[in-house]
Amino acid sequence: MKASRQENARTMLDPGDVRLSRSLFAQETPVVARALLGRDVVHRLPSGACLRGRIVETEAYHGQDDTASHARFGRTGRSALMFGPPGHAYVYLIYGMYEMLNVTANPEDFPGAVLIRALEPLEGIEHMLERRGSRMNLLTNGPGRLCRAMEIDRSLNGIDLVRSDVVWLERGVEVSDAHVAVSPRVGIGYADPIHRDLNWRFSVRGNRWVSK
DNA sequence: TCATTGATACACT
DNA sequence: GTGTATCAATGAC
């Protein structure tokens, strides 16, 4: 709570206005993915220090029929969170090594999640560099990299981003349509062509932190 | 270019 | 229960 007050003072916004609300996440996944551009991911560490990154690239995984989505097998142990209430963190391991941060979307029982693919580091950058042992330009421009930099792992799976004092999302800045680029999603060659070709990847045009 | 790494889902006993 | 194919990626060459 103390950290929240500090954040509010820093951004000079009313407490109720800073965080993203449940209703934003309850929209259709591609709408949420677009709306999350320019928003800030904040992780308050046990030490009290905050890591902060601005979202510059997202992907939408929408519905059980989406053959690129973890929800394509229905409600399983892993994908259950995608069927749960919106605004929660879905963190999973891929390739045995890398954690991926997603935000659940859609009303309960309709599966959807937004994969956070790239962040622009804003706060706690020295801490991130120390942790990553990596060059600045490779800090957060990829879904696995940003999780390592932000210290986000599976222990945070299922956390309510609307209410948590550990990890949450803030309003950040508005990104106009003119600054949004859309393209097909990355790394889903196994999916049906119908879904492979959907323009469900959203990024901030020209931002240096976008992956690839 | 290619090795890494382990959870997941599914098809079998 | 056990076996195995697959994967929303990364970094060292």
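Chain identifiers are assigned alphabetically (A, B, ...) following the order of the sequence lines, protein sequences preceding nucleic acid strands; residue numbering begins at 1 within each chain.
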Check: Using the ring of each side chain (for Trp, its six-membered ring), is Tyr92(A) parallel, tilted or perpendicular to His70(A), with breaks at 30° and 60°?
Finding: perpendicular
Note to self: Strictly by Watson-Crick or wobble contacts shorter than 3.5 Å, is anything paired with dA8(C), and which nucleotide is it?
What the structure shows: none
Next item on the list: Please tell me which of the listed nucleotides, dG11(C), dA9(B), dA8(C), lies nearest to the side chain of Tyr61(A)?
Entry: dA8(C)
Checklist line | Under-4.0 Å side-chain N/O to phosphate OP1/OP2 contact, Arg72(A) with dA9(B) | finding: no
Notebook entry, point to check: Below 4.0 angstrom, N of the basic side chain to O of the carboxylate: do Arg185(A) and Asp66(A) qualify?
Noted result: yes
Next item on the list: Starting at atom CG of Leu139(A), determine the distance to atom C1' of dG11(C), rounded to an integer number of angstrom.
Entry: 15 Å
Notebook entry, point to check: So, for Trp168(A) and Asp165(A), which heavy atoms are closest and what is the spacing to 0.1 Å?
Noted result: CZ3-O, 3.2 Å
Next item on the list: Could you check whether Arg201(A) gets within reach of a base, just the sugar-phosphate, or nothing at all, counting any heavy atom under 4.0 Å?
Entry: nothing
Check: For dT5(B), which nucleotide in any strand shown is its Watson-Crick or wobble partner with both distances under 3.5 Å?
Finding: none
Notebook entry, point to check: Which one, dA8(C), dG11(C), dA9(B), comes nearest to the side chain of Leu115(A)?
Noted result: dA8(C)
Margin query: Side-chain heavy atoms under 4.5 Å apart, restricted to Ile/Leu/Val/Met/Phe/Trp/Tyr: what other residues fall into the cluster of Leu198(A), or is it alone?
Written below: Trp200(A)
Margin query: At 4.0 Å (heavy atoms only), tell me whether Met97(A) reaches a base, stays on the sugar-phosphate, or touches nothing.
Written below: base
Next item on the list: Could you check how far CG of Asp153(A) sits from P of dG6(B), rounded to whole Å?
Entry: 15 Å
Next item on the list: Calculate the interatomic distance between Asn137(A) atom CG and dT10(C) atom C1'; express it in whole Å.
Entry: 14 Å
Item checked: Phosphate OP1/OP2 of dT10(C): any Arg132(A) side-chain N/O under 4.0 Å -> no
Next item on the list: Check whether Phe202(A) and Leu101(A) end up in the same hydrophobic cluster, where Ile, Leu, Val, Met, Phe, Trp and Tyr are linked by side-chain heavy atoms less than 4.5 Å apart.
Entry: yes
Notebook entry, point to check: Under 3.5 Å, is there a donor-acceptor pair between the side chain of Ser203(A) and the main chain of Val56(A)?
Noted result: no
Item checked: Interatomic distance, Tyr98(A) OH vs dG11(C) C1' [rounded to whole Å] -> 6 Å
Checklist line | Atom-pair distance (OH on Tyr92(A); P on dC7(C)), nearest Å | finding: 12 Å
Notebook entry, point to check: Counting any heavy atom closer than 4.0 Å, what does Phe73(A) reach on the DNA or RNA strands: base, sugar-phosphate only, or nothing?
Noted result: sugar-phosphate
Next item on the list: Using heavy atoms to find the nearest nucleotide of DNA chain C for Leu138(A) and Asn102(A) separately, return the residue whose nucleotide is more 5′.
Entry: Asn102(A)
Next item on the list: Select one nucleotide: of dA8(C), dG6(B), dA9(C), the one nearest the side-chain heavy atoms of Leu93(A).
Entry: dG6(B)
Next item on the list: Rounded to the nearest angstrom, tell me the gap between atom NE2 in His70(A) and atom C1' in dA9(C).
Entry: 12 Å
Check: For dA8(C), is chi within 90° of 0 (syn) or not (anti)?
Finding: syn
Item checked: Sugar-phosphate, base or nothing in reach of Arg154(A), heavy atoms under 4.0 Å -> sugar-phosphate
Next item on the list: Rounded to the nearest angstrom, tell me the gap between atom CZ in Phe202(A) and atom C1' in dA8(C).
Entry: 15 Å
Next item on the list: Assign Arg185(A) to base, sugar-phosphate, or nothing according to its heavy-atom contacts below 4.0 angstrom with the strands shown.
Entry: nothing
Notebook entry, point to check: Starting at CD1 of Ile94(A) and ending at P of dA5(C), how long is that distance when rounded to a whole Å?
Noted result: 17 Å
Item checked: Under 4.0 angstrom between Tyr95(A) side-chain N/O and dA9(C) OP1 or OP2 -> yes
